[in-house]
Amino acid sequence: MTQANPFGGTKTLDTKAGQFSYFPLSAVEEAGLTTISRLPFSIRVLLESVLRKLDNFIVTEQDVKNVASWNPKSVAAVEIPFNPGRVVLQDF
């Protein structure tokens with residue numbers, strides 16, 4: 001069985017309101033999967049989504065790797081789980 005946090009993607013932020021978990025994209029970069037600055041914003045949003053939803057059941061480590069290795073000149077024929085609710089609707 002794989003570890004629950006294979007990319008070290010969960011960080012904790014302490015605030016007056018309590019502790020909150022967040023998923024910095026730098027963890028994927030530190031794992032050597034991509035250079036975040038070269039990715040378009042839309043792909044960064046997808047990458048944060050799959051990293052946040054990583055459970056190795058619906059969203060797998062391979063899904064994270066597929067999004068992180070996005071290349072506009074070589075589009076891979078793979079599907080990725082897309083869960084836009086939090087990202088798209090967070091301001092409502």
Side-chain angles (χ1 to χ4, degrees):
M1 183 164 182
T2 58
Q3 57 183 344
N5 191 7
F7 303 108
T10 305
K11 303 289 183 192
T12 303
L13 178 65
D14 292 318
T15 69
K16 291 180 181 179
Q19 283 190 338
F20 296 93
S21 295
Y22 67 99
F23 301 84
L25 295 180
S26 60
V28 176
E29 190 168 43
E30 290 167 6
L33 297 178
T34 191
T35 302
I36 298 300
S37 63
R38 76 167 185 84
L39 297 175
F41 182 74
S42 59
I43 302 301
R44 292 179 203 185
V45 169
L46 289 174
L47 184 57
E48 189 273 338
S49 177
V50 293
L51 188 61
R52 182 174 24 87
K53 297 288 187 172
L54 179 62
D55 61 1
N56 285 316
F57 180 67
I58 295 173
V59 180
T60 65
E61 291 178 45
Q62 189 60 47
D63 294 323
V64 174
K65 292 175 183 176
N66 289 339
V67 175
S69 65
W70 175 84
N71 181 345
K73 295 180 181 179
S74 176
V75 179
V78 296
E79 291 186 22
I80 58 166
F82 181 54
N83 301 299
R86 177 179 171 262
V87 175
V88 175
L89 300 176
Q90 70 184 8
D91 292 331
F92 297 110

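Values below: all heavy atoms of this structure, side chains included; hydrogens, waters and symmetry mates excluded.
- A donor-acceptor pair under 3.5 Å is formed between the side chain of Thr15 and the backbone N or O of Ala17.
- There is no path of hydrophobic side-chain contacts, each under 4.5 Å, that joins Val78 to Val50.
- The minimum heavy-atom distance linking Lys53 with Val59 is given by the pair O-CB, 3.5 Å.
- Put simply, Val67 and Phe57 are part of the same group of oily side chains (I, L, V, M, F, W, Y) that touch within less than 4.5 Å, one to the next.
- Looking at Asp63 and Pro81, their side chains come closer than 4.5 Å, going by heavy atoms from C-beta outward.
- Residue Phe41 places its CZ atom among 12 or fewer non-hydrogen atoms of other residues, nucleotides or ligands, all under 6.0 Å distant.
- When every heavy atom of Lys11 is checked against every heavy atom of Pro24, the shortest pair comes out as CG-CG, 3.4 Å.
- When Leu39, Val28, Thr34 are each tested for a side chain to side chain contact (heavy atoms under 4.5 Å, CB included) with Arg44, only one passes: Leu39.
- Taking CD1 of Ile43 as the reference point, atom OG of Ser49 lies at 11.5 Å (rounded to 0.5 Å).
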Leu25 and Glu48: CA distance, side-chain angles, deciding distance, side chain to side chain contact (heavy atoms under 4.5 Å, CB included) verdict: CA-CA 6 Å; Leu25 295 180; Glu48 189 273 338; 3.9 Å; yes

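- The line from CD1 of Ile36 to CG of Leu47 is 5.5 Å long, rounded to the nearest 0.5 Å.
- Within the 4.5 Å cutoff, the side chain of Glu61 has heavy atoms near those of the Asn56 side chain.
- Asp14 has its side chain within reach of Thr12: a pair of non-hydrogen atoms, C-beta onward, lies under 4.5 Å apart.
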query: Step by step, would you call Asn71 with Ser74 a side-chain hydrogen bond (donor to acceptor under 3.5 Å, both in side chains)?
result: CA-CA 5 Å; Asn71 181 345; Ser74 176; 5.2 Å; no

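- Here the straight-line distance linking atom CG of Leu33 with atom CG of Asn66 works out to 10.5 Å at 0.5 Å rounding.
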